[in-house]
Amino acid sequence: MRVYFDYNATTPLAPEVLDAVLRVSKDVFGNASSIHHFGQRAKSTLDEARSAVASLLNGDPSEIVFTSGGTEADNLAIRGAAEAIGPAGRRHLIASGIEHEAVLNTLRALARGGWRTTLLPADQSGIVSPDRLREAIDADTALVSVMHANNEVGEIEPIAALAAIAHEHGALMHTDAVQSAGKIPVDVRALGVDLLSLSAHKFNGPKGAGALWIKRGTRMQPTVTGGKHERNRRAGTENVAGIAGLGAAAALAMSKMAAEGARVAALRDRLETGILGVVPGTLVNGGRESRVPNTTNISFERVEAESLLIALDLEGIAVSTGSACSSGTLEPSHVLKAMGLPTSRTQNSLRFSLGMFSSQEEVDRVVEVLPRLVEKLRGLTRKTVPA
């Protein structure tokens, strides 16, 4: 049995989404900017997908800008807003320390260009406190960016409260909803944000397709310049097949969200309870009350995370130590560090993320295998590392 518990890195295509991508790839090959029949068929496909994504977010189709994924959407949100606001004099950007690298490295790049940046810490449950934002924000702040749900621990952030503080000070509010859109209800009106990013491949859509929701009236500068695509907000011929897949994934997520969320949460809880029950010296990282339904992050005392990850892979079980975009590095998790966890916890933790095709049999297989692997790895070292 092969077990895939790394859905936060990417997800398998849903059958309905694959059908949409294949159909459009075969039959709708026109350029959506062309005025003839073939171009208008492509434009109609984009319009349908735009409406589906807008419905997923309770937005308006005219507020949806298609991108190549979450990273580009984050870049467009932050750079586009910064370039539009900067000439007015505001030169301060705020984000949290638990953001994805797409946000953190964009802020670092802007800092090299003269922007002042502030990173807010999270508490040990993974929450970015509104009080922390109140302490950091000032009259020079142009934009605040805090993710809706964290990709490593799954914690859902108090975005509405943070957005209210940002707006009190005349700043825009962006949230990276890559790990929440399609998993839990995401309502841009209720959140009170100005900008929201999402990515298709995180909820059973294709890679290479994403979107940025831009609240009507928000000033933005395009970061990709060229033609007049996407209402002059993102140049480049649209990826019609990928966007059709994004639309299909959005529609599917809306139709199944309540039932699927409950099913996956039950599996996640079974996995979490099982691991904590059979493997001594384990702890859940982050709070357990307000998470996306599919994610748990667990530390294993006196076990190096990379070694356990490899041992699980040899058993046919795929998990991760954190963001796939940070793989290949032995650095401790920046998310767990920003939460103030001790070094041992940042280096001995694994993320388990489940999804549409996860089953109880797979959960039980992981719980069955883990005690033996952990005992073996602990036996290889005499060093005791406190949790």
Side-chain angles (χ1 to χ4, degrees), residues 1-15 17-18 149-154 179 182-184 201-204 252-253 256-257 259-286 288 291-324 326-328 333 336 345 347-381 387:
M1 177 188 292
R2 284 210 168 268
V3 177
Y4 183 76
F5 279 176
D6 198 15
Y7 276 74
N8 284 6
T10 195
T11 58
L13 282 180
V17 173
L18 178 59
N150 182 260
N151 52 309
E152 292 194 22
V153 298
Q179 291 294 348
K183 298 177 184 177
I184 60 174
H201 79 101
K202 301 297 188 177
F203 55 101
N204 305 105
L252 180 65
K256 295 187 173 183
M257 189 177 297
E260 184 65 6
R263 185 189 76 85
V264 172
L267 289 176
R268 187 271 315 274
D269 292 346
R270 181 183 181 94
L271 174 69
E272 193 172 80
T273 301
I275 292 173
L276 297 181
V278 300
V279 183
T282 49
L283 292 168
V284 174
N285 297 317
R288 300 172 71 175
R291 295 179 289 178
V292 286
N294 76 316
T295 304
T296 183
N297 189 298
I298 298 176
S299 66
F300 295 81
E301 180 182 343
R302 294 186 293 114
V303 175
E304 200 272 326
E306 298 281 349
S307 299
L308 183 53
L309 184 153
I310 293 168
L312 284 166
D313 187 50
L314 292 174
E315 296 283 345
I317 298 167
V319 298
S320 74
T321 55
S323 171
S326 299
S327 63
S333 163
L336 301 183
R345 294 272 290 277
Q347 295 179 326
N348 67 12
S349 297
L350 292 182
R351 179 186 71 186
F352 301 80
S353 49
L354 288 64
M356 178 181 289
F357 300 105
S358 300
S359 67
Q360 182 175 310
E361 291 74 20
E362 291 177 327
V363 167
D364 293 345
R365 168 66 175 161
V366 174
V367 174
E368 173 192 0
V369 165
L370 263 173
R372 169 172 53 85
L373 299 181
V374 171
E375 183 179 0
K376 179 179 179 180
L377 290 171
R378 285 174 176 167
L380 295 176
T381 177

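This is a predicted model, so every value here is computed, not measured. Just so you know, these numbers use all the heavy atoms, side chains as well, and skip hydrogens, waters and symmetry mates. Count residues from 1 along the sequence.
Side chains of Leu350 and Leu312 form a contact here, defined as non-hydrogen atoms less than 4.5 Å apart. No side-chain heavy atom of Asn348 sits under 4.5 Å from any side-chain heavy atom of Arg302. Side-chain contact between Leu370 and Phe300: present, with at least one pair of heavy atoms (C-beta onward) separated by less than 4.5 Å. No side-chain heavy atom of Thr321 sits under 4.5 Å from any side-chain heavy atom of Ser349.
A side-chain contact (heavy atoms from CB on, under 4.5 Å) with Ile317 is found for exactly one of Leu314, Val319, Asp313, namely Val319. Considering Asn8, Asn297, Asn285 as possible partners of Glu152, the one that fulfils the side-chain contact (heavy atoms from CB on, under 4.5 Å) test is Asn297. Each of Val153, Leu309, Ile298, Asn151 was evaluated against Arg351; a single residue qualifies, Asn151, per the side-chain contact (heavy atoms from CB on, under 4.5 Å) test.
With rounding to the nearest 0.5 angstrom, the CD atom of Glu362 is 12.0 Å from the OH atom of Tyr4. Rounded to the nearest 0.5 angstrom, Leu373 CG and Glu315 CD are separated by 5.0 Å. Thr11 OG1 to Lys202 NZ: the interatomic distance, rounded to the nearest 0.5 Å, is 8.5 Å. The CZ atom of Arg365 lies 15.5 Å from the CD atom of Gln360; values are rounded to the nearest 0.5 Å.
Of the possible donor and acceptor atoms, one in the side chain of Asn204 sits under 3.5 Å from a partner among the backbone N and O of Pro12.
Listed by chain and residue number, nothing satisfies the ring-ring contact (aromatic ring centres under 6.0 Å, His included) test with Phe5 (two or more places apart in sequence, or in another chain).
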Begin with the C-alpha distance, continue with both residues' side-chain angles, and end with the deciding distance and a verdict on side chain to side chain contact (heavy atoms under 4.5 Å, CB included) for Ser353 and Asp6. CA-CA 5 Å; Ser353 49; Asp6 198 15; 4.0 Å; yes
Set out, in order, the CA-CA distance, both residues' side-chain angles and the distance that settles side chain to side chain contact (heavy atoms under 4.5 Å, CB included) for Leu354 and Val363, then state yes or no. CA-CA 9 Å; Leu354 288 64; Val363 167; 4.1 Å; yes
Enumerate donor-acceptor pairs with a distance under 3.5 Å from any side-chain N or O in residues 267-280 to protein atoms, sequence neighbours excluded.
from   : atom 1 : to     : atom 2 : distance (Å)
Arg268 : NH1    : Val292 : O      : 3.1
Arg268 : NH1    : Thr295 : O      : 3.0
Arg270 : NE     : Asp364 : OD1    : 2.9
Arg270 : NH2    : Asp364 : OD1    : 3.3
Arg270 : NH2    : Asp364 : OD2    : 3.2
Glu272 : OE1    : Arg288 : NE     : 3.1
Glu272 : OE1    : Arg288 : NH2    : 2.9
Glu272 : OE1    : Arg291 : NH2    : 3.3
Glu272 : OE2    : Arg291 : NH1    : 2.8
Glu272 : OE2    : Thr296 : OG1    : 2.5
Thr273 : OG1    : Asp269 : O      : 2.9

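Salt bridge present: Glu260 and Arg263 bring a charged side-chain N and a carboxylate O closer than 4.0 Å.
Minimum heavy-atom separation, Ala14 to Phe357: CA-CZ, 4.4 Å.
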